[in-house]
Number of protein chains: 2
Amino acid sequence: MTLIFNEREKCGSCPIRHRAVCARCDDDELARLEEIKSYKTFEAGQPIIWRGDELVTFASVVTGIASLSRTMEDGRTQVVGLLLPSDFIGRPGREYVDFDVTAVTEVTLCQFQRKPFEKLVEEVPHISQRMMEMALDELNAAREWMVLLGRKTAREKIATFLEMVVRRSTIPNQAVAQYSLPLTREEIANFLGLTLETISRQLSAMKKDGIIEFEGRRNFFIKNLAALHEASGDDADGGIIV
Amino acid sequence: MTLIFNEREKCGSCPIRHRAVCARCDDDELARLEEIKSYKTFEAGQPIIWRGDELVTFASVVTGIASLSRTMEDGRTQVVGLLLPSDFIGRPGREYVDFDVTAVTEVTLCQFQRKPFEKLVEEVPHISQRMMEMALDELNAAREWMVLLGRKTAREKIATFLEMVVRRSTIPNQAVAQYSLPLTREEIANFLGLTLETISRQLSAMKKDGIIEFEGRRNFFIKNLAALHEASGDDADGGIIV
DNA sequence: CGCTATCTTGAATCCCTTCAAGTCGCGTGG
DNA sequence: CCACGCGACTTGAAGGGATTCAAGATAGCG
């Protein structure tokens, strides 16, 4: 189910048209973006940009999932964010890339060359406004995640992660909702600041407790949503918004 | 050494004039800010805004240090950021406050009423540009901190924190540089995702290892900067930028 | 159908926390 | 100016949650 994007695909029919950096643009502004954009696809597992690379392109994720991470010299890795469709890659004003970006699934990007894009950011308030809004949303999400990393137990971390998967899932409310883990156990571990064995053990424990049920390694059902939320450590209506 | 700020203190002589949200403003734009600003001082320990509060004012920290934190229902708290002079408080576009803001030392704020400030953000690109820049800087800092919280050991966390204190210290390079911890052991613990006992033990260990030396409870010297950096787990030139 | 990466489970270990008992430094008041 | 008192800090010992190391199971691919 690889989607094909032509170089001059019209923005009007773009799946992320109303959530990406271009969300507030009018037709004229879209036309200017169309002039400088190009699509590029990465296979699952492929690096997209690496820390220290010179920052030559910005991009929006159109389809697929990418991870933003940092690896220490001795190999310890922390995932600091997941990039979903409509999320932005790159930081205007920086010369170099700060974190590694890796394709988790197959990923299609809508890329912009740096210079012309920065020019647009300066000239088109609808773009800079939307970028600021997105940056502030991500800042909030990062801070919520800091609470998880610094203070939550393994079980709370995993429950929070599962809730996030459920909340972000685009699947509409069905009679029996089935969800799919977007990451391997190891990737989840690197996102939650744990080891893959701990992820596996805690998922088994939650299965034994009747909170979730697995069908294969990736697909799962929520058997007890209240218990899942209870286990997340978040209060009634808070939680990760991302 | 309490500084007195008059209600109509001129921005031109403001200590954070060139780093705060107003950094890029010209004289006309400053004049518009001066119309809607007012100073307010909080004593050490006092809450400034609370999670869930209606967001009625934005502010820049002029002097002092404030903390941004979240406390879970059972009392576990995580500090997600320190607010130093020139840092901004509040999030345009939100109705409610997301994190607790507390005065760590005596704090002076330059406050703006919400509506008129949001209007200025829309109309003055110099403000929105600077705000985006600051938001992106903070996002980067938050992500670096996520690596610390998720993957570093207690010793690495504390070494990184001490390096941050040194880096942010406004003290010019002196023959023998003395620094001061801006936080209590408990506050440091809540910032690093540890307990206050662990902070105390690790500081003692680093003292025994000849890396640092204390004079009283807050003041310290770096005896071996290379060893401190070595202990931080960061590679040569990376680290927290904040 | 078989192979391999991914995952599960077990056992031992360890780092950090928890609980507890002091000690120290600093500001206040005598 | 010094003594006092309390909050902040230090240190110790025990406990526990997560990691590490290791062996096997399973799913999903070719």
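Just so it is clear, the model here is predicted, and its values are computed rather than measured. Throughout, protein chains are lettered first and strands after them, A, B, ... in sequence-line order, and every chain is numbered starting at 1.
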Could you run down the sub-3.5 Å N/O contacts of the protein with nucleotides 20-22 of chain D?
{"unit_1": "D:dT20", "atom_1": "O4", "unit_2": "A:R201", "atom_2": "NH2", "d": "2.7"}
{"unit_1": "D:dC21", "atom_1": "N4", "unit_2": "A:E197", "atom_2": "OE2", "d": "3.2"}

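- Toward the 5′ end of DNA chain D lies the nearest nucleotide of B:R217, the other residue of the pair B:R217 and A:R155 mapping further downstream.
- Remark: A:T153 is not in phosphate contact with D:dG17, judged by side-chain N or O atoms under 4.0 Å from OP1 or OP2.
- Residue-level contact check: A:S200 touches the bases, meaning some heavy atom is under 4.0 Å from a base atom.
- Atom C1' of nucleotide C:dC15 and atom CD of B:E156 are separated by 13 Å, given to the nearest angstrom.
- A close approach under 4.0 Å does occur between a side-chain nitrogen or oxygen of B:S204 and OP1 or OP2 of D:dT11.
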side-chain contact (heavy atoms from CB on, under 4.5 Å), that's the test. Do B:K157 and B:L194 meet it? Break it down for me. CA-CA 9 Å; B:K157 287 178 175 181; B:L194 296 169; 4.0 Å; yes
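- Distance check, rounded to the nearest 0.5 Å: CH2 of B:W50 to OG1 of B:T71 gives 6.5 Å.
- Between B:L196 atom CG and D:dG12 atom P the separation is 16 Å, expressed in whole Å.
- A:E163 and A:S232 are linked by a side-chain donor-acceptor pair at a separation below 3.5 angstrom, with hydrogens and angles left out of the test.
- If you check every strand for non-hydrogen atoms under 4.0 Å, B:L203 touches nothing.
- Comparing D:dC9, D:dA18, C:dC7 by their nearest atom to the side chain of A:R218 picks out C:dC7.
- At a threshold of 4.0 angstrom between heavy atoms, the contacts of B:R185 are confined to the sugar-phosphate backbone, with no base atom among them.
- In this pair, B:F220 and B:Y179 present their aromatic rings tilted. The plane angle is within the 30 to 60° band.
- Atom CD in B:Q202 sits roughly 13 Å away from atom C1' in D:dT10 (whole-Å rounding).
- The distance from atom CD1 of B:I188 to atom C1' of D:dC9 is 11 Å, rounded to the nearest whole Å.
- In summary, the side chains of A:T108 and A:T63 do present a donor paired with an acceptor at a separation below 3.5 Å, with no hydrogens or angles considered.
- Other residues, nucleotides and ligands place more than 12 heavy atoms under 6.0 Å from the CD atom of B:E197.
- Per the geometry, CG belonging to A:L181 stands 16 Å off C1' belonging to D:dG28, to the nearest Å.
- The CG atom of B:L194 sits 14 Å away from the C1' atom of C:dT18 (whole-angstrom rounding).
- For A:Q46, the CD atom is densely surrounded, since the number of other residues' heavy atoms within 6.0 Å is greater than 12.
- Between the CD1 atom of A:I199 and the P atom of C:dC7 there is a distance of 11 Å, rounded to whole Å.
- Counting to the nearest Å, the P atom of C:dC15 and the CZ atom of B:R151 are 16 Å from each other.
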